[in-house]
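Residues take their numbers from the sequence shown, with the count starting at 1. Since we're looking at a predicted model, the values are computed, not measured.
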Amino acid sequence: MCGINGITGKQEELVLKMNEALRHRGPDATAVWSDGKVTLGANRLAIIDLSPGANQPIHSPDGRYTIVFNGEIYNYRELREKLTSYPFRTQGDTEVILALFQKEGTLAFNKLDGMFAIAIWDSKKEELTLARDHSGIKPLYYRHDNSVLAFSSELKGLLEDAQLARKINHAALERYLRLRYVPEPDTLIEGVKKLPPASYAVFSKGTLRIEKFYEPPLSLRSKLSHREMVEKTRDLIDASVKRQLISERPLGVFLSGGLDSTIVLDAATKAGGTMETFSLSFELSDEEQAEKFNADARLAALSANHYGSKHHDVVFTEDEFVALLPEAIRYLDQPIGNATALAQLALAKKAREGIVVALQGDGGDELFGGYPRYRLSRFMDMYQRTPETARTLLGQMSPRLLKLNTAPGIERIQLFHFEKDAHSLRAVSREFISNRPAEWFGERYVSGREETDFTQLLMDIDRRTWLVDEALARTDTMTMGASLEARVPLLSPDIVSFASSLPMSARIGMFKNKKLLREAYAQRLPHHILAAKKRGFFSPTAKWIRRPKLQAIAREALSQGFHAPTDALLLPEATALLDSHVRGEYAVNTLWTLVTLRLWAKEFNVRL
């Protein structure tokens with residue numbers, strides 16, 4: 001695991017600064033290399049082959065190729081066995097990528113089972129190739145400006161270049177205000193982009209070409225019987241978890257109390273013996289719904305006891321939230337309007353005292369149908385097949401039922417994912433609120449798709465958008481902020497391909513989510529997990545922002561004069577929305593989206 005940086009040309013001083021900005025991603029070693037045509041940098045968090053010889057950059061024996069790489073390749077040993085003619089000098093995965101690329105070029109990337117952001121320089125062709133893993137687990141930012149290409153594992157690395165104007169991309173800003181994250185390929189900084197998942201980019205003679213190397217099938221092509229689907233689900237997950245236990249540093253499991261992370265713990269315990277597990281609970285009074293917010297932590301403790309793991313429950317307080325906020329904003333790299341990021345950072349910091357690698361359950365909801373919106377979408381399709389006269393009558397009896405008439409397409413995605421105008425118009429200047437984000441989203445992700453089952457399309461869109469640029473981005477930045485590697489075995493490419501080919505009836509029932517996962521592990525999971533209702537991982541920010549300390553920070557961030565270059569974003573009366581929330585109205589999503597944005601803008605000195 002590393003943080004990687006680079007730029008075309010001889011710019012060692014700049015890349016040294018970029019490395020320093022990303023020091024948290026790799027505290028074990030740092031290096032900068034240049035041949036005059038390109039400059040590459042890497043900070044290393046050593047996980048596999050801890051010897052200095054495995055530090056990066058790594059060069060091919062003939063000196064033609066040079067690689068820097070962030071991530072882990074779990075099938076590197078199998079790949080290495082087939083590369084018999086290559087004279088390996090290390091025992092890790094980085095050199096295997098280099099050898100495979102030397103043999104097969106860009107075809108190599110689809111053969112990698114892992115999480116990765118890669119940069120390879122070909123000194124003979126004078127080509128720089130970048131690549132990002134199948135699911136976008138590892139980030140890769142870049143700036144292409146005429147004859148220059150710069151890249152980094154984090155946006156803040158590119159911000160070290162004084163040539164980059166710290167100006168907000170207004171189109172990306174509008175999308176952020178609607179979605180509470182910034183979907184690829186754009187970022188909030190004008191001129192900086194994210195390499196999309198499952199893609200590689202080749203920079204040669206001033207031209208940048210981007211290609212996809214993987215796209216999971218969505219043709220519902222599985223010919224397996226239901227029993228065979230159940231067995232294959234279990235076999236693929238067990239195998240993926242077993243592969244991802246490879247580490248020369250201490251390893252554990254982040255245990256949320258939900259189905260997915262418990263499955264990961266079950267498979268890890270089966271393959272590797274007793275695990276260390278970590279969960280999070282919150283310091284709250286009974287009046288602040290302590291039981292509700294800590295239900296998952298209690299389930300996690302029960303699961304840890306069931307599997308005999310060495311369990312740690314990290315109690316997160318409002319004071320710790322306030323103290324961690326500046327650090328979290330800096331690590332986030334781009335604002336994400338989800339305060340669970342701070343809870344993740346607190347958990348990662350505590351876990352890092354004992355482990356360096358943590359497995360967790362990200363991806364199970366999007367692949368196997370965990371979110372309630374998927375069942376609701378299927379019910380909408382059924383409801384809309386009833387006669388219109390009946391639906392009209394039902395709508396008159398209960399206006400709430402009118403939402404069930406929401407058509408499949410961007411309208412339904414807006415219903416599930418987009419922030420509504422009710423709160424935004426009370427705090428944000430009108431010029432930044434429009435329907436353009438919906439038009440862009442629909443054109444990019446919905447138009448031209450041929451899936452007959454909209455819920456299948458919705459799950460795939462969630463996998464390509466929210467999962468990548470919200471959930472995985474939070475996980476990566478908060479864990480790497482603590483110099484801890486997070487692994488997500490449910491997003492192994494073979495699991496993604498298999499799950500994407502399954503019919504909705506196998507994944508989602510009208511009254512049950514994750515049907516296939518539940519059946520696959522019904523004989524192995526404890527009853528309290530199989531019987532538990534679906535819960536999201538969330539923090540009590542709505543409660544804490546009503547308390548004086550966090551409320552004061554929010555009020556200052558929402559006030560004119562806090563950061564003059566972005567004051568025009570907010571209405572002068574923006575703090576009135578905070579007042580309404582303090583009095584009992586629920587507006588925390590909009591509030592935290594804006595507070596995070598303003599804190600980020602001030603931290604990185606960006607302007608509208």
Side-chain angles (χ1 to χ4, degrees), residues 177-180 258-259 287 289 291-293 295 337 365-366 368-428 433-435 437-439 441-442 445-447 449 451-462 465-466 503-515 518 531-536 538 542-543 576-577 580-591 593:
L177 293 173
R178 288 295 192 190
L179 293 164
R180 297 191 288 145
L259 182 70
E287 292 75 18
Q289 298 177 291
E291 183 176 349
K292 168 189 170 183
F293 283 94
D365 288 312
E366 293 80 5
F368 292 99
Y371 294 121
R373 59 179 171 267
Y374 302 146
R375 282 184 290 142
L376 179 56
S377 178
R378 294 198 78 202
F379 183 75
M380 286 177 167
D381 291 339
M382 292 176 58
Y383 182 77
Q384 291 171 25
R385 288 195 289 269
T386 62
E388 185 176 356
T389 53
R391 285 185 281 130
T392 301
L393 180 60
L394 288 169
Q396 292 171 348
M397 295 169 59
S398 177
R400 293 180 61 183
L401 293 177
L402 293 174
K403 288 185 177 180
L404 295 178
N405 290 316
T406 305
I410 188 58
E411 295 85 1
R412 195 175 294 179
I413 291 172
Q414 284 181 278
L415 177 67
F416 292 144
H417 284 301
F418 278 49
E419 285 293 294
K420 311 305 185 289
D421 288 342
H423 289 148
S424 298
L425 288 172
R426 291 160 60 185
V428 179
I433 300 175
S434 74
N435 198 47
E439 294 170 354
F441 199 97
Y445 295 108
V446 182
S447 296
R449 299 295 292 265
E451 287 76 19
T452 55
D453 188 323
F454 177 76
T455 304
Q456 181 198 24
L457 176 59
L458 175 62
M459 290 172 63
D460 184 61
I461 290 171
D462 282 357
T465 58
W466 187 91
M504 285 296 101
S505 58
R507 291 186 267 181
I508 305 169
M510 196 54 64
F511 303 103
K512 183 185 292 186
N513 66 348
K514 298 181 186 172
K515 285 175 56 180
R518 292 179 184 279
K533 294 181 180 179
K534 166 67 180 173
R535 294 183 181 87
F538 46 84
K543 311 291 184 183
L577 184 62
S580 295
H581 180 84
V582 171
R583 289 193 299 268
E585 182 181 358
Y586 188 87
V588 72
N589 288 343
T590 299
L591 288 170
T593 298

Distance in Å, [X] [atom1] paired with [Y] [atom2], rounded so as to fall on 0.5 Å steps:
X    : Y    : atom1 : atom2 : value
I461 : I413 : CD1   : CD1   : 3.5 Å
I433 : D421 : CD1   : CG    : 6.0 Å
L457 : D462 : CG    : CG    : 9.5 Å
N589 : K420 : CG    : NZ    : 10.0 Å
K515 : F368 : NZ    : CZ    : 14.0 Å
S377 : L458 : OG    : CG    : 5.5 Å

Within-4.5 Å side-chain heavy-atom neighbours: [X] and [Y]:
X    : Y    : value
L591 : H423 : no
F416 : L376 : yes
K514 : D365 : yes

Return each pair, listed once, that meets salt bridge (charged side-chain N to carboxylate O under 4.0 Å, His left out) where at least one residue sits in residues 580-590; pairs must be two or more places apart or across chains.
R426-E585
With sequence neighbours excluded, give me every side chain to side chain donor-acceptor pair (under 3.5 Å) pair touching residues 391-404.
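Counting only pairs at least two positions apart or across chains, the side chain to side chain donor-acceptor pair (under 3.5 Å) contacts touching residues 391-404 are R391-N405.
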Taking all non-hydrogen atoms of both residues, which atom of K543 and which atom of F293 are closest, and how far apart?
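So the minimum-distance heavy-atom pair works out to CE-CE1, 3.9 Å.
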For A427 versus L577, what's the shortest heavy-atom pair and its separation?
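So the two residues come closest at CB-CD2, 4.1 Å.
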Looking only at atom types and distance, does a side-chain atom of H581 sit under 3.5 Å from a main-chain N or O of A542, one as donor and one as acceptor?
yes
Counting N and O atoms only, with roles assigned by atom type, does the side chain of R178 sit under 3.5 Å from a partner on the main chain of E419, one being a donor and the other an acceptor?
yes
Quiz: residues 378-387 side-chain donor-acceptor pairs under 3.5 angstrom, not counting sequence neighbours:
{"unit_1": "R378", "atom_1": "NH1", "unit_2": "I508", "atom_2": "O", "d": "2.9"}
{"unit_1": "D381", "atom_1": "OD1", "unit_2": "R412", "atom_2": "NH1", "d": "3.0"}
{"unit_1": "D381", "atom_1": "OD1", "unit_2": "R412", "atom_2": "NH2", "d": "3.1"}
{"unit_1": "Q384", "atom_1": "NE2", "unit_2": "L404", "atom_2": "O", "d": "2.9"}
{"unit_1": "Q384", "atom_1": "NE2", "unit_2": "T406", "atom_2": "O", "d": "2.8"}
{"unit_1": "T386", "atom_1": "OG1", "unit_2": "Y383", "atom_2": "O", "d": "2.5"}

All side-chain hydrogen bond (donor to acceptor under 3.5 Å, both in side chains) counterparts of D460, not counting sequence neighbours:
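R449, R463.
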Sequence neighbours left out, what passes ring-ring contact (aromatic ring centres under 6.0 Å, His included) with Y374? Give chain and number order.
Y371
List the residues meeting ring-ring contact (aromatic ring centres under 6.0 Å, His included) with F441, not counting sequence neighbours, and say none if there are none.
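With neighbours one apart ignored, the set is F418, Y445.
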